[in-house]
Amino acid sequence: MPTRKRTISLTVNGKRMRLRIETGETLLDVLRRCSYLSVKRGCDNGACGVCLVLLDGKPVRSCGVRAEQAEGCQVQTVEGLSSPTELHVIQRAFIETGAVQCGFCTPAQILAAKALLDQIPDPTEQQAREALGKVLCRCTGYVRPVEAVLRAAAALRGEVLRPIVPVRMVLPEAGAPIELPEAYRRGEAVHGALPPLVFSPLGMEKTRVVGQPAAKVDGEKLVRGLPVFTDDVRLEGMLYGALMTSPHAHARIKRIDASKARALPGVHAVLTFQDLPRLKHASGGQSYPQPPPYDQVCLDNKVRHVGDRVAVAAAESLALAEQALELIEVEYEILPAVVDPEMAMAEGAPVIHDEPDTAGIYDPLRNMVHHIEAEVGDVEAALAAADQVFAGEYRTPKQQHVHLEPHVCITYWDEDARLVVRTSTQVPFHIRRMLSPLIELPVKRIRVVKPRIGGGFGNKQEMLLEDLCAHLTLATGRPVRMEFTRTQEFISSRCRHAQILRYRIGVKDGKVSGAELYLIGDTGAYGTHGLTVQMVGGFKGLTLYNAPNSRFTCDVVYTNTTPAGAFRGYGAMQCQFGMEVLMEEVAERLGRDGVEFKRANWIRVGEKMHLSAALGEGREGIEQTLSSSALEECVAIGMDATRFSAKRQAHRGQTGRLRRGIGMAVVLHGSGVAGLDMASATLRMNDDGSFHLLIGATDLGTGSDTILAQMAAEVLGVRVEDIFVYSSDTDFTPFDKGAYASSTTYISGSAVRKAALEVRDQIREYAAGMLQGARASELVLEGGAVRAPDGQSVTLAEVALSSLHQRDQRHIQASASHVSPVSPPPTAAQFVEVVVDTQTGEIRPERLLMVVDCGRVINPMTAAGQVEGGMAQALGFALTEEMLYNDVGQPLNPQLGRYAVPKAGDMPPADVIFVETDEPSGPFGAKSVAEISIDGVAPAMVSAVHDATGVWLRELPLTPRRVLRALEGEAPAR
Ligand code: FES
C-alpha cells in the first residue's frame, strides 16, 4: 500500500522534534515509534483511553489524533512528568494510595489527573471521577485512583498529608458487640476511599512487615511509564504478525489460496492449515496432564465460531500483514450454527466437533463435551423426607475479561538457537510445556519470559498467540510480534462460561437437608477449562450450605460461540449466585428472615466439606474440612456498617417511582487447587545483605510480587526494599504453575516462606561462627542484622561478605517448593445498596461493601485494591456485561462501548473491611483474596432489588428490560 511521508514539527515533553510521518499515522503510532512507550494501545475505537496524552495541555486520546494534526503542538506524556530522581506529586499519590495495580492504564490516568489539577486545584470527588472517566481501568474499581487525585490535589495545595495506614482493631470474643469506627458505621453511602479496616482475632501473632500497607515493589516503574510490558521492546528485524479470523460461526474451509498474499512484497510468511502439522491440543494453561479433550489444532480446516483462527501472516509492517490477509482467498462451506446450549444438546443439532481425531468428548453427536456426576449421601431420600422442596433456575451470561493490555507476544531465536517467547501470560511454565510439541522443539530449546502483565483475570491462562507467533518465527527465522486487536479479544480469546443453573433443595426442620444442582455450562467452540470451571462451580455452589446429601450433575456443551475459559470467579461466582438467590427466595417462602435462614445453614469451622473428595478440579478431590472462617463476624460487621436491619425495616411498603433496597450475600472461594498446585521460590543473599527473590509466580497487577517480598522480609528481618523480586523467566526462575485459582498468596507464599526460613537458618548458623559463644538457635534476625541474646550482633552485609569471600565460603541461598493438600476457603459477606427506578427499570447502585475473611491480610492496601477491583468487575457482571450473539452466531457487541464495562462515573462508593483469621495451613495464616471479591455482588444485587421492589430476578445481567418485565409480572422467573 503506497504511503506518503511528510515532516512535522512538534514539542514532546518540552523537547522540539522534527518527525517523518506517514499519511494516516496516528499520534499514538508516532509516539510509540519514537519510544514514548508509556502511551498504550488498548482498543480499536478510541473507547479505552489508555493512549491519553496532553495536547497543548488538554487530555486527548492519541489514537484519535492524526499525527499531522499535532503539527506545532505541545505534547506531554508521563515520561516528561518526573525527573530521574524525583516523582511528580501525582505519581507519588498514585503509589501512596495503592492506585496502581497492573499499571497499564496508570500513565493515562495520571495525565488525566494532571489536566484536571492544572485547571481545578481543589476538585470534588465527582470532578476527579469525571477526569478519570476518560480512561478505562479494569483492575481498581477506581476507588484508589480517585483517592490519588484528591490526595495529589491536597499535596499541590501545600496541605500536610497523613500517611494512609490501615485501621487495625481487635476482634472481640464471640458474642461480644463489635465496635466499628464511626466512618464505617455511616448509614448512608460513604464518599472516597476509607483506609482498609482490619479486625484481628485476639492473640494473633504480631508481625513486622507482613500486615503493613507496603508500597508496590513495581509501583515506581509503572507510574513512570517505563517500558516494562511485552510490547515495549523493538527487536532488530522484527516482523509483525496478523491473524485472519473466521467471519462464520460454523464452516468448513473448502479451498484456501494464499499465493497472492505470499507474493506481496514485504510479506515473509503466510500460514494456513495446509502448512502446519495437525497436532491436537487444549489451549488452557493447566497442570500436566491437561484435562481433555484435545480438540484444537494450531490452524484447522474447519472454523467453529466467528473469530476462529484461519490464517496468519508475518510482514515488515502490521499494515502489510493485514493487507496480506485480505489477499487470501477462502472458500467456505457454511454449516448450520447453534448458539443455545440446550439446543446444541438436542437430537439433530449441528455437530460442532465432527472431526475423527478428537478423543475424550463425552457425546460428540450431541455436542456434550463432558457429563459430570457427583453425589454424597442420598439426595433423593433427603428430598423425599424434607418438609418442603424448593427449586429455582438461574442464568448467567458470557462475560469478557477486558484486561486493558491485549494478548501480545514476541518470539525470536536467541544466539544459542533457542526460541525465546516474550509474552503476556499468567502461566509461563505451562506455555513452555504446551508449546513444545506444537512447534516440535524440545522444552530445553524454549525460554518463556513474562514481563509485567497489563491485567489478565484468567484470560492469559491460555495459549492464544504463542503457538502462532512461534510458527511464524520458525517459518521466517525472524523475530515476530503478534497482538490481538480489541475486537479479537472479544471474538478470538476467551470469556466466562454462560451457565444455566437448576437447583433443588429440601428443607427439614429449618435446615437444608438435601441439595441438587444441575448445571449446563456453555463452553463455546472449544472445551478448554470446560471441565474444571464447572467442577469448581458445582463444588463451591453446593459447599456454601454444605448439605450432607448433595448431588451435582453437569453437562458441558459446545456451541458456535466464543470459547469460554478461565475467568476470575471460575464457575464459583455463577453457582453461588444461583444458590444465594434461591436461599433468599426459600427464606421468604418459609416466612423467615433471609440472613437468619442462611446463618442457620452456612458451613462452619470443623465441618467436613461433603463434596470435596468427589469434586476436585478436573479429577477426584481430596477430603477437606473447613479449618478457618469468620463468616459469622463478616456478616455481623457488614450488617452493622450498613445498618442493614434498620434499612430493611425502612424499605417496607415503599411506593413511588424510586425505591431503595439493600441486599446481602455470603460467599466462599478457595486458595489454590488442593494437592495439585505447586510453586517454588529461590532466595539468594547478596554482598550487601540484600536478597534476590526468584519466583515463577506471575504478578498480573495483583501485587503478588510485593506481598511475596513482604513475606521474605518478615522472616529475614529486613525491609521490603532489601528484597529484589524477579519473576518470571523459565530459564532463571524456579517452577510455578502460574497465577490462577487464587493460589499465589497461599501456595507461592508458602514456598517463599519455606525458602526464607531455610536462608534464615543458614544465616544464623554462619553468624554463630562470627559471634563469640553464640548458639545459632538463639540468634534473631532483625533490622538487617543478626543479634544474640547477650547483645552481640553482626550485620547481614558482614555475614554476606564473609560467607562469599572470606571464611568457610558458600553462597547463602535456598530453594523451596510447596504443594498443599487442602485449599482453605476465604469467606465473605457482600452488601449492596441500590435505588431502582420502577418506570425505567434502571438500577442505580449506591454502595458496595465487602467484609472479607482472607486469613491474615499480608498487605491491606493491595488486598483492598483486589476487593475493590473485583467488586467493579462483578458490578458489570450483575448489571451490564453480556456478550450477545444472533441466531447464526454473529457477535452483536464485540467492542468496547457496545459492551459496557463500568467507568469511573458508574462506580458507587465501594469499601472493604477485613476480618482476619489465622488459617493454620497458610503462610502467616493467609488465605486468598483475589477471586472471592467477584463472587458476591450479583446475588447481593438481586437481594437488594427484591428489597426495593419485591420481585426476584433470576437472569443476569439485570438490564432495565429484565427489571421492567419482572415488575410488570411478565416472565419474571424461569
Ligand atoms: Fe488500571 Fe490495570 S491498573 S487497567
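Along the sequence shown, residues carry numbers from 1. Values below: every heavy atom of this structure, side chains too, minus hydrogens, waters and symmetry copies. All ligand and atom numbering here is 1-based and tracks the order in the structure.
Not a single N, O or S atom of C105, from either the backbone or the side chain, sits less than 2.8 Å from atom 2 (Fe) of ligand 1. Taking backbone and side-chain atoms together, C137 has an N/O/S atom less than 2.8 Å away from atom 1 (Fe) of ligand 1. The nearest N, O or S atom of C139 is not closer to atom 1 (Fe) of ligand 1 than 2.8 Å.
Contact between V427 and E462 at its shortest, heavy atoms only, is CG2-N, 4.3 Å.
Heavy atoms of G103 approach ligand 1 to within less than 4.0 angstrom.
A donor-acceptor distance shorter than 3.5 angstrom exists from the side chain of H407 to the backbone of N459, with no hydrogens or angles considered.
What sits closest to atom 4 (S) of ligand 1 on the protein, heavy atoms only, is R138 N, 3.5 Å.
Ring pair H529/Y570 is perpendicular by interplanar angle, where above 60° counts as perpendicular and below 30° as parallel.
Within ligand 1, counting atoms from 1 as listed, the ones closer than 4.0 Å to a heavy atom of Q101 are 3 (S).
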Going through the distances and angles, do F490 and Y899 end up as a ring pair (Phe, Tyr, Trp, His ring centres under 6.0 Å)? CA-CA 10 Å; F490 278 96; Y899 180 93; 5.1 Å; yes
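Both tests pass for R496 against the ring of F877: distance under 6.0 Å to the centre and angle within 45° of the axis.
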